[in-house]
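When a ligand or atom number is given, it counts from 1 through the structure's own listing order.
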Amino acid sequence: MLMDQITSSDEQELGRKLFNCMSDLYPICRSITGKGVRDTLLRLNEVVPLTVHEIPSGTEVFDWKVPNEWNIRDAWIKDAQGNRVIDFQKSNLHVLNYSVPFHGRMSLSKLRNHLFALPEQPDCIPYRTSYYQENWGFCLSQNQLDELADGEYEVCIDSTLKPGFLTYGEVFVAGNSEDEILVSSHVCHPSLANDNLSGMVIAAYLARYLQTQPVRYSYRFLFIPATIGSITWLALNEEKVSKIKHGLVLACLGDSGYMTYKRSRQGNCLIDRAVIQVLKQQGDFEIFDFSPYGYDERQYCSPGFNLPVGRLSRTPHGRFPEYHTSADNLGFVSPEQLSGSLTTCLEIFDIIENDRTYLNQNPKCEPLLSKYDLYQTIGGSEEVPRFQMALLWVLNFSDSKFTLLDIAEKSGLKFQDIALAAEALRHHGLLKDLSD
Ligand code: ZN
């Protein structure tokens with residue numbers, strides 16, 4: 001199984017790599033289009049070779065159009081003495097993302113219409129965007145805003161917004177089957193760590209790992225700008241959609257919270273059950289029903305597609321105060337949480353990869369397991385070991401109606417134990433694999 005080969009020292013090493021990759025990506029000013037996305041994909045390409053797609057502005061994608069490409073070099077507000085009181089070079093969150101170019105002078109009272117702050121979190125710079133309505137603006141902490149004296153300011157946004165491309169990355173890992181598992185993460189946020197550098201680096205390292213493993217399913221990884229990216233991919237790849245049998249949107253996976261999962265719109269698909277089975281074994285967790293708000297699951301689960309795609313997160317968007325502010329920085333995430341999220345994904349894939357249906361070849365009463373070296377011969381010990389319990393569950397419910405995941409759910413045992421027991425029983429001729 002995928003998880004079998006990962007030791008705890010591998011996990012530590014992995015956590016460091018994930019965190020280092022995030023640190024490299026953190027300063028880049030990303031948006032839904034432009035150089036920031038390209039530079040991000042270039043760095044991820046060092047982790048796993050990916051195909052970069054460039055879709056021209058104006059391309060019609062269902063009810064939407066690929067927008068003009070946005071790039072930014074600099075932005076600032078200068079006081080009367082020429083000091084940069086707000087400086088894009090210090091934080092790319094300072095510019096309203098997708099701001100149109102602007103240069104001029106104005107009074108503070110006029111400038112205020114273009115300033116965004118968070119009075120409840122006076123130290124934090126908010127993250128704001130204006131993708132589909134042309135505007136310009138600056139985001140700053142309430143403390144910075146309070147320090148601005150009345151008077152005239154010079155304002156500059158050195159950006160361009162013109163026809164270009166929407167850029168996204170894709171990795172395809174071919175398995176034995178053409179059936180696919182989709183893994184999608186958004187790559188459009190500027191210097192924000194948990195949302196969603198965490199998702200994209202975990203996806204990249206998952207792809208890298210799966211490339212080295214024999215896998216039953218094919219895996220498709222998408223590194224896309226939120227909303228317009230998934231809409232674009234779905235519109236231009238409709239013929240591939242029917243191959244997607246399971247999927248996960250990865251977002252907000254590096255914070256110290258426990259794991260949470262938002263079900264697919266279908267609600268109880270194999271992916272939903274596999275995630276819940278894994279999270280149950282980890283202690284605290286929370287499951288949310290599907291709602292038509294959130295990340296790209298909104299598009300994958302729109303009624304015309306209704307794909308079996310759920311969303312895996314730790315603390316979900318909007319439920320941590322650092323969300324969409326400068327406090328969602330590298331200090332808010334940790335290597336341990338990142339690697340823990342990645343191995344959780346592998347455990348989920350392990351279930352999907354190994355869920356099979358077997359038929360008990362000795363269904364009339366239990367087989368004498370000690371004959372096959374499968375059962376402890378000394379009876380009466382207080383606790384039946386886990387493996388032996390798993391053998392009994394698998395034998396009893398392998399009547400062709402129940403899969404291994406069904407049996408794991410019924411028994412409360414770990415899927416991995418159930419799968420190991422099934423493999424041992426099959427090896428001794430006590431089970432027949434009905435899946436192929
Ligand atoms: Zn976000």
Side-chain angles (χ1 to χ4, degrees), residues 22 25-34 36-37 40-41 44 64 67 70 72 91-99 116-118 120-121 124-133 135 137 139 166-169 183-204 222-233 248-257 259-262 288 290-301 309-333 337-338 341:
M22 279 181 72
L25 293 168
Y26 182 73
I28 299 174
C29 184
R30 278 162 293 270
S31 186
I32 52 172
T33 62
V37 177
T40 298
L41 297 178
L44 294 177
W64 299 56
W70 184 71
I72 183 155
S91 169
N92 57 39
L93 295 175
H94 275 318
V95 74
L96 174 72
N97 202 285
Y98 248 64
S99 280
F116 304 90
L118 284 172
E120 313 80 52
Q121 292 164 275
C124 298
I125 308 165
Y127 161 58
R128 295 277 185 277
T129 65
S130 188
Y131 300 137
Y132 302 106
Q133 197 168 23
N135 194 2
C139 304
L166 175 150
T167 311
Y168 72 87
V183 180
S184 180
S185 64
H186 60 278
V187 297
C188 50
H189 288 26
S191 291
L192 297 170
N194 202 34
D195 179 18
N196 188 34
L197 292 177
S198 66
M200 69 181 88
V201 299
I202 287 170
L222 296 180
F223 301 88
I224 49 172
T227 307
I228 188 66
S230 49
I231 292 171
T232 298
W233 190 87
L248 281 179
V249 169
L250 301 183
C252 302
L253 284 163
D255 65 279
S256 60
M259 301 294 299
T260 63
Y261 177 70
K262 177 179 167 183
F288 306 106
F290 178 78
S291 62
Y293 186 69
Y295 293 115
D296 289 304
E297 67 276 9
R298 292 156 68 165
Q299 313 310 330
Y300 301 124
C301 297
V309 175
R311 189 190 73 218
L312 189 69
S313 298
R314 287 184 179 272
T315 311
H317 63 92
R319 297 240 311 221
F320 52 97
E322 294 83 357
Y323 172 72
H324 280 190
T325 76
S326 52
D328 180 3
N329 54 35
L330 292 169
F332 185 61
V333 298
Q337 302 296 85
L338 291 165
S341 298

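Under the 30°/60° scheme for interplanar angles, the aromatic rings of Tyr98 and Tyr131 are found to stand perpendicular. Note on ring orientation: taking the six-membered ring where Trp is involved, the planes of Tyr295 and His186 are parallel (angle under 30°, cut-offs 30° and 60°).
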Q.
side chain to side chain contact (heavy atoms under 4.5 Å, CB included), that's the test. Do Ile224 and Ser184 meet it? Break it down for me.
A. CA-CA 7 Å; Ile224 49 172; Ser184 180; 3.5 Å; yes

Q: Verify side chain to side chain contact (heavy atoms under 4.5 Å, CB included) between Val333 and Arg314, making sure each step is shown before the conclusion.
A: CA-CA 11 Å; Val333 298; Arg314 287 184 179 272; over 6 Å; no

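Checked against a 6.0 Å centroid threshold, the rings of His189 and His324 count as neighbours.
In this structure the side chain of Lys262 reaches within 4.5 angstrom of the side chain of Phe290, judged on heavy atoms.
Around the Zn ion (ligand 1), the protein N, O or S atoms found under 2.8 Å comprise His189 NE2, Asp195 OD2, His324 NE2.
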